[in-house]
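Written below as structure tokens is the structure these notes are about.
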Amino acid sequence: MRPERHPMTFDRLGLSEPLSRAASERGWGEPTPAQRATIPGLLAGRDIRLQAHTGSGKTAAFALPLLQQLSERPPETPRRAGALVLVPTRELAVQVGGILDALASHLSPPLKLACVHGGVSINPQMMALRGGADLLVATPGRLIDLVQHNAVRLGGVRTLVLDEADRLLDTGFADELAQALALLPRRRQNVLVSATFPPQIQALASRLLDDPLHVDVAPEPVADPAIEQHAVHVDSGQRTQLLRHMIRAGAWPRVLVFVATRHATEHVAGKLCGLGVAAAALHGEMSQGARARVLADFRAGRLTALVATDMAARGIDIAQLPVVVNYDLPRSPADHVHRIGRTGRAGARGLAVSFVSATTEAHFRLIEKRQGRRVPREQVAGFEPQSMVDAAPTTGGIKGRRKSRKDKLREAAARAA
Ligand code: AMP
């Protein structure tokens, strides 16, 4: 007998009938992967680190279990906020508040939800908070104002959600977020939701979360076809000279150059400076101050080339970045997509150049295969490689460099491809 396939339903995740019914009334047949992974953990009281984009069903993933937790509490008069959802913007506050309202519609006794944000007069929000509320959706700035006006008390908050945490930490909001967090009781459950995890979000996550459940439903990245990709065959010893040549010949105003290690960022930036190109290194071990100075110089056009590692470049947003160069190839195809995604932003057409040598040819083939796109090999006059005759994966034996185990694995994978 074949086992019967039970479709996954909201009630099988541990949600009560009124909540499951509200979800199906919205036309949601089955929980999304983000919801399946998050809801049971949140109901069990775990801290959660959820990496998910808009569209993944992330809001209901935390909204449903929050509502269930609140509906199971004994009633209090006046009501004390048992849960707080912090969001970066007024628009998101309204959207999340609307979803919570709809999902709570069958709960009995009903819960009182309050949605507070800046950009509108504070008085109606103070009125609405009379008698307390069970659940608050708030932007940090307005929440602080309301606490200062004695309109809301946060001593009963047992669960905190930071939604779109990467945007909550955008410049100018980090202080407000820190102030808002300082108003909360120390013992509580924490949920951090973010589409991306640049270093400052990772730091926040490790400060905030205690043994969190990791849920990652970020979609597999795909390379944007609008980005023009070039692969240039060059001997590794010639790369810096070639880079200088391309910067000059292409009149590139700004270029982000990726290398494999922290040491290489400094080494390559130093060599470029020696060749008359204004360049600086960006890596994870720099102080915040040094990092901010380098980025400001690059944005202002005082630097032409920024030489960075993958980690250091995550989370930096530089509008109008026309060119990205893979000086060292990325370790994984996903890293490649992240790197080249740094160019051609905001509708501008971008250019991504990869330097490929005899030893890295096989690895680059793997990247091409994964991104489903061939990039024709080119050579630049005056920089023709001497060792490309050895490029076929089987020959190898490049003078002065023994193949590592990783190289061999890459070559085998490329051959199988
Ligand atoms: P979010 O990722 O929270 O911004 O949600 C994106 C969209 O997915 C919203 O329009 C939701 O109504 C919808 N949605 C959330 N959960 C489900 C589900 N289980 N099935 C189908 N759609 C859903």
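Every value quoted in this text rests on a predicted model; they were computed, and no experiment measured them. Every heavy atom of this structure was used, including side-chain atoms; hydrogens, water molecules and symmetry mates were not.
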Less than 4.5 Å apart, any side-chain heavy atom of [X] and any of [Y]?
X: Met246; Y: Val232; answer: yes
X: Leu113; Y: Val137; answer: no
X: Val191; Y: Val85; answer: no
X: Val116; Y: Leu129; answer: yes
X: Leu329; Y: Ser354; answer: yes
X: Leu13; Y: Pro31; answer: yes
X: Gln379; Y: Pro385; answer: yes
X: Arg365; Y: Lys369; answer: no

Would you indicate whether Arg46, at its atom CZ, is surrounded by more than 12 heavy atoms from other residues, nucleotides or ligands within a distance under 6.0 Å?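 Check passes, neighbour count above 12.
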Whether over 12 other heavy atoms sit under 6.0 Å from Arg158 CZ: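 Not buried by this count: 12 neighbours or fewer within 6.0 Å.
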Apply side-chain contact (heavy atoms from CB on, under 4.5 Å) to residues Leu162 and Leu208 and explain how you reach the verdict. CA-CA 10 Å; Leu162 298 186; Leu208 207 67; 3.6 Å; yes
To the nearest 0.5 Å, what is the distance between [atom1] ([X]) and [atom2] ([Y])?
X: Leu204; Y: Leu209; atom1: CG; atom2: CG; value: 7.5 Å
X: Asp211; Y: Asp47; atom1: CG; atom2: CG; value: 8.0 Å
X: Phe62; Y: Ile39; atom1: CZ; atom2: CD1; value: 11.5 Å
X: Leu192; Y: Gln51; atom1: CG; atom2: CD; value: 10.5 Å
X: Ser206; Y: Ile201; atom1: OG; atom2: CD1; value: 11.0 Å
X: Phe383; Y: Gln241; atom1: CZ; atom2: CD; value: 6.0 Å

What's the verdict on side-chain contact (heavy atoms from CB on, under 4.5 Å) for Leu275 and His245, showing C-alpha distance, side-chain angles and the deciding distance? CA-CA 10 Å; Leu275 292 171; His245 170 80; over 6 Å; no
Go through the structure and list residues passing side-chain hydrogen bond (donor to acceptor under 3.5 Å, both in side chains) with [X], not counting sequence neighbours.
X: Glu378; value: His230
X: Arg339; value: Asp310, Asn326
X: His117; value: none
X: Glu17; value: Arg21

Give me the one residue out of Leu70, Val157, Thr159, Leu84 that meets side-chain contact (heavy atoms from CB on, under 4.5 Å) with Leu135.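 Testing Leu135 for a side-chain contact (heavy atoms from CB on, under 4.5 Å) against Leu70, Val157, Thr159, Leu84 leaves exactly one candidate, Leu70.
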Identify the two heavy atoms, one from [X] and one from [Y], that lie closest to each other, and give their separation to 0.1 Å.
X: Leu168; Y: Pro140; result: CD2-CG, 3.6 Å
X: Ile48; Y: Leu42; result: CD1-N, 3.7 Å
X: Ala22; Y: Leu103; result: CB-O, 3.4 Å
X: Thr304; Y: Trp252; result: CG2-O, 3.7 Å
X: Ala269; Y: Ala281; result: CB-N, 3.8 Å
X: Leu154; Y: Pro185; result: O-CD, 3.2 Å

Side chain [X], main chain [Y], donor-acceptor under 3.5 Å:
X: His283; Y: Val307; answer: no
X: Ser194; Y: Phe197; answer: no
X: Asp134; Y: Lys112; answer: yes
X: Glu384; Y: Gly382; answer: yes
X: Arg12; Y: Thr9; answer: no
X: Arg239; Y: Ser357; answer: no
X: His149; Y: Asp145; answer: yes
X: Asp11; Y: Ser20; answer: no
X: Gln35; Y: Thr32; answer: yes
X: Asp335; Y: Pro330; answer: no

Please identify each residue that fulfils side-chain contact (heavy atoms from CB on, under 4.5 Å) with [X], with sequence neighbours left out.
X: Glu72; answer: Gln68
X: Ala280; answer: Val294, Leu303
X: Ser24; answer: none
X: Glu91; answer: Thr89

Asn190 vs Asp210, side-chain contact (heavy atoms from CB on, under 4.5 Å): CA-CA, chis, key distance, verdict: CA-CA 8 Å; Asn190 294 292; Asp210 179 18; over 6 Å; no
Can you list the residues that meet the salt bridge (charged side-chain N to carboxylate O under 4.0 Å, His left out) rule with Arg244, with sequence neighbours excluded?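 For Arg244 there are no salt bridge (charged side-chain N to carboxylate O under 4.0 Å, His left out) partners, ignoring immediate neighbours.
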Salt bridge (charged side-chain N to carboxylate O under 4.0 Å, His left out) with Asp297: which residues, sequence neighbours excluded?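 Listed in chain order: Arg302.
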Where at least one partner belongs to residues 52-70, residue pairs that pass salt bridge (charged side-chain N to carboxylate O under 4.0 Å, His left out), sequence neighbours excluded: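 Listed once each, the pairs are Lys58-Asp163, Lys58-Glu164.
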Stepwise side-chain contact (heavy atoms from CB on, under 4.5 Å) check, Leu15 with Leu43: CA-CA 9 Å; Leu15 291 170; Leu43 284 175; 4.2 Å; yes
According to ring pair (Phe, Tyr, Trp, His ring centres under 6.0 Å), who are the partners of Tyr327, at least two apart in sequence or on a separate chain?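 Per chain and number, Tyr327 pairs via ring pair (Phe, Tyr, Trp, His ring centres under 6.0 Å) with no residue.
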Is it true that His336 and Gln229 share a donor-acceptor pair across their side chains at a distance under 3.5 Å?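 On atom types as modelled, these side chains qualify, holding a pair under 3.5 Å.
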